[in-house]
Number of protein chains: 2
Amino acid sequence: MKSGQVTIKDIAKELNISCSTVSRALKDFPGISPTTRKAVVELANKYNYRPNAIALSLRNQKTNVIGVVIPETVHFFFSTVISGIEDEAMKEGYNVMICQSNEQYEREADSIDALMGARVDGLLVSISRETSDLQHLEKVVKEGTPMVFFDRLVEGMNASSVIVDDYQGAYDAVEHLIKKGCKHIVHLAGPDNLIICRKRKEGYISALEDHEIPLDESYIVECRFGEEAEAEKAMTHLLESGMAIDGVFANNDMAGLGAISAIKKVGIPIPEEIAVVGFSNWQFSSLVNPSLSSISQPGYEMGREAARLILVEINSKEPSKREVTILDTELIVRDSSNR
Amino acid sequence: MKSGQVTIKDIAKELNISCSTVSRALKDFPGISPTTRKAVVELANKYNYRPNAIALSLRNQKTNVIGVVIPETVHFFFSTVISGIEDEAMKEGYNVMICQSNEQYEREADSIDALMGARVDGLLVSISRETSDLQHLEKVVKEGTPMVFFDRLVEGMNASSVIVDDYQGAYDAVEHLIKKGCKHIVHLAGPDNLIICRKRKEGYISALEDHEIPLDESYIVECRFGEEAEAEKAMTHLLESGMAIDGVFANNDMAGLGAISAIKKVGIPIPEEIAVVGFSNWQFSSLVNPSLSSISQPGYEMGREAARLILVEINSKEPSKREVTILDTELIVRDSSNR
DNA sequence: CAGCCTTTTGCAAACGATTGAAACCCCCTA
DNA sequence: TAGGGGGTTTCAATCGTTTGCAAAAGGCTG
């Protein structure tokens, strides 16, 4: 009794019957005598028999496991995505294996390798900030494992994606600032290799164009890590330069918060002199002072949708559809821009 | 070529040799001719061969998977724990399967059943708020699967735990309030079936006793869900009752925030008239206004420690040690209590 | 050239569950 | 009593990998 858990074999031995009979008795197959069935079921219950999923996986060539590769679990947005994935997967009888890349390319590649080794039925991936080489992902596609990207999609790969409308979200945010009277809007941008960041930048640019505000490249500053201190430093630098600034659109809320700190430190009133809008609607955004306007991304829905998509692909024989599902964002106006 | 991934069999067939030889060649076993080895290794690389972890699990009776059952992934504290677990597990070559109970007993039981069916090598569990029946956990112990509790431990079960020193943390928080001159301290408590909440309450009571402040039960109010609105309502009620109140110790930061809202709404200055301390040091706590003093819990370390413990148990033949690892908390003084 | 040793390779069983096909038992009938 | 037919049950193979043991091949010696 080392391995603790009871197997069909144990039950068969105790009842002096064959494994086949036990298996069939447990699955209500025809051709098993009621006596035998009853004895088997009773013993199975008594010993709390659970089918060995490993053995089943091997036989059926199907693990009922979805692999998830995510930059970090501690980001509020990503944790809501995980929650959505898990809920949907569990509902359909799947388990979820999670690996975090910690925004490192190598760990992302290792994680994918580990999950492929575990023969997950499908892979949900949000690439790391570092990732630009796509070999590890191309292998997955070539070997025929369904894969769906979420949030941070990858272009030119034969896989579906679930993203939010970053372009439109950014456009809405900037248009909102413009309507509040802003004419000199800083964009604290994210790293260019992430498509989501490029899209947000495009939204910023389009909104300016559509409202006939000339684009000035010096108003776009890259905050590579999206951290508060980084953004605060960048913003301080801009404020000290003497440029005219009356609005800030940050690539994410942490950067937005950094901007607010910088602005507060030099004593400029928010939102009266400078209005600020972030992106992602983090949990803290409604709680800070001034509360931060932001673009809400439906993380939980994204997780569910990504899981739904991968399950469809797993259960269909056809190759990937290569669809892109775009979820709507929502502008949440709070004190930092409400004037 | 349906299943995509290459097996030892495929390689054996292509080279017209047996599986045994391929297997040995790949593992640098003695007694394989250099010619054969070279051919095998080259083909394995060419086809990107990865050992089938499922087959290995079945043969070795070991999955190299750790199961995690957690109330919710979206709580900042829990997501840091997950991060710690994942980092430690990956370092040791383990994968992590995560199930969230969403604070529901039944889903917790189902999750454990699913993970046991998947034959995880060990289980890390933080029980749901609803859980009081322990059958599902006792089964795990009886069947010999190593299990370690984290944060929310379970008493009277043969399993190790990793917790933070909730008692001491609460004691520190309340003592801090007393030293700031508070004499009438409200405790917004958590549900009594969670040991962590009982410990915090005990810390509150001991601190009062040690400083010769008489305990008044009406100053302890249960906020079952630890939500902002709930706490705000409770706090408003207390304030309206006309009781003398000059301090609040909340069971968690969300409740602390609710208290702050209530106090601000009736126009009482914080921290001058009423000082507030929360628990958990959530991410938002430093960002709100006034910033919320809190007790910091080392979530990431807890995750790593829990993973470390379970790995030790998995790799040792002896039965569980039933150790309780207590991690230190830290009082973070911020504006809500700094006067 | 027979016998022996070394080197290299293959066979078969095992892990747990499933399933098509074959076998068994018992009873009835011709 | 042999044969047929239902109702039950068992056998054997399969999934991918490992590994103890047996076997084959080749070379060397007496």
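A, B, ... follow the sequence lines: proteins, then strands. Residue 1 opens every chain.
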Original post:
Quick check: does any side chain N or O of A:R24 sit under 3.5 Å from a backbone N or O of A:R37, one acting as donor and the other as acceptor?
Top reply: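 Checking the backbone N and O of A:R37 against the side chain of A:R24, no donor-acceptor pair under 3.5 Å is found.
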Subject >> Main-chain N/O of A:I127 paired with A:T131 side-chain donor or acceptor, under 3.5 Å >> reply: no
Using the 3.5 Å cut-off, write out each protein N or O paired with an N or O of nucleotides 21-28 of chain C and the distance between them.
none

Value in whole Å for how far the [atom2] atom of [N] lies from [atom1] of [X]:
| X | N | atom1 | atom2 | answer |
| --- | --- | --- | --- | --- |
| A:N52 | C:dC15 | CG | C1' | 9 Å |
| A:N64 | C:dA17 | CG | C1' | 15 Å |
| A:K27 | C:dG16 | NZ | P | 18 Å |
| B:R119 | C:dG16 | CZ | P | 8 Å |
| A:K62 | C:dT18 | NZ | C1' | 16 Å |
| A:N60 | C:dT19 | CG | P | 7 Å |
| A:L56 | C:dC15 | CG | C1' | 13 Å |
| A:M116 | D:dG16 | CE | C1' | 16 Å |

Subject >> A:R50: partners by side chain to side chain contact (heavy atoms under 4.5 Å, CB included), with sequence neighbours left out >> reply: A:Q5, A:N48, B:D113, B:M116, B:R119, B:K139, B:E143
Original post:
Taking only residues two or more places apart in sequence or in another chain, which ones pass side chain to side chain contact (heavy atoms under 4.5 Å, CB included) with A:K142?
Top reply: none
**OP:** Output the single nucleotide from D:dT18, C:dG16, C:dT18 whose closest atom is nearest the side chain of A:T7.
**Re:** C:dG16
Original post:
Between C:dA17, D:dG16, C:dT8, which nucleotide gets closest to the side-chain atoms of B:P34?
Top reply: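 The closest nucleotide is C:dT8.
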Phosphate oxygens OP1/OP2 of [N]: is one of them under 4.0 Å from a side-chain N or O of [X]?
| X | N | value |
| --- | --- | --- |
| A:Q61 | D:dG16 | yes |
| B:Y49 | D:dT17 | yes |
| A:S23 | C:dG16 | no |
| B:T21 | C:dT8 | no |

Subject >> Flag for A:Y300-A:D87: side-chain donor and acceptor within less than 3.5 Å >> reply: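 Judged by distance alone, the side chains do pair up.
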Original post:
Between B:N193 and B:S132, do the side chains contain an N or O donor and an N or O acceptor separated by less than 3.5 Å?
Top reply: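 Absent: no donor and acceptor within the cut-off.
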Name the pairs: protein N/O against N/O of nucleotides 12-14 of chain D, kept only if under 3.5 Å.
from   : atom 1 : to    : atom 2 : distance (Å)
D:dT14 : O2     : A:R59 : NE     : 3.4

Original post:
Can you name the ring-ring contact (aromatic ring centres under 6.0 Å, His included) partners of A:Y105, sequence neighbours left out?
Top reply: A:H136
Original post:
Has B:K62 got more than 12 heavy atoms of other residues, nucleotides or ligands less than 6.0 Å from its NZ?
Top reply: yes
Subject >> Heavy atoms from other residues, nucleotides or ligands near CD of B:E106 exceed 12 (cutoff 6.0 Å) >> reply: no
Original post:
Salt bridge or not for A:E103 and A:R152, using N-O below 4.0 Å?
Top reply: yes
**OP:** Flag the pair B:E305 and B:R308 as a salt bridge only when some basic side-chain nitrogen lies within less than 4.0 angstrom of an acidic carboxylate oxygen.
**Re:**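 Here B:E305 pairs with B:R308 in a salt bridge, since their nearest N and O are under 4.0 Å apart.
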Considering every strand and a 4.0 Å limit on heavy-atom distances, what is the contact class for [X]: base, sugar-phosphate, or nothing?
| X | result |
| --- | --- |
| A:I54 | nothing |
| B:S57 | nothing |
| A:S33 | sugar-phosphate |

Original post:
Between the two ends of the helix from C:dC1-D:dG30 to C:dA30-D:dT1, what is the bend in degrees, rounded to 10 degrees, where each end axis spans five pairs?
Top reply: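 It comes to 100° between the two terminal axes.
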**OP:** Decide yes or no on salt bridge (Lys or Arg N to Asp or Glu O under 4.0 Å) for A:E130 and A:R107, but give the supporting numbers first.
**Re:** CA-CA 10 Å; A:E130 266 188 5; A:R107 214 170 134 173; over 6 Å; no
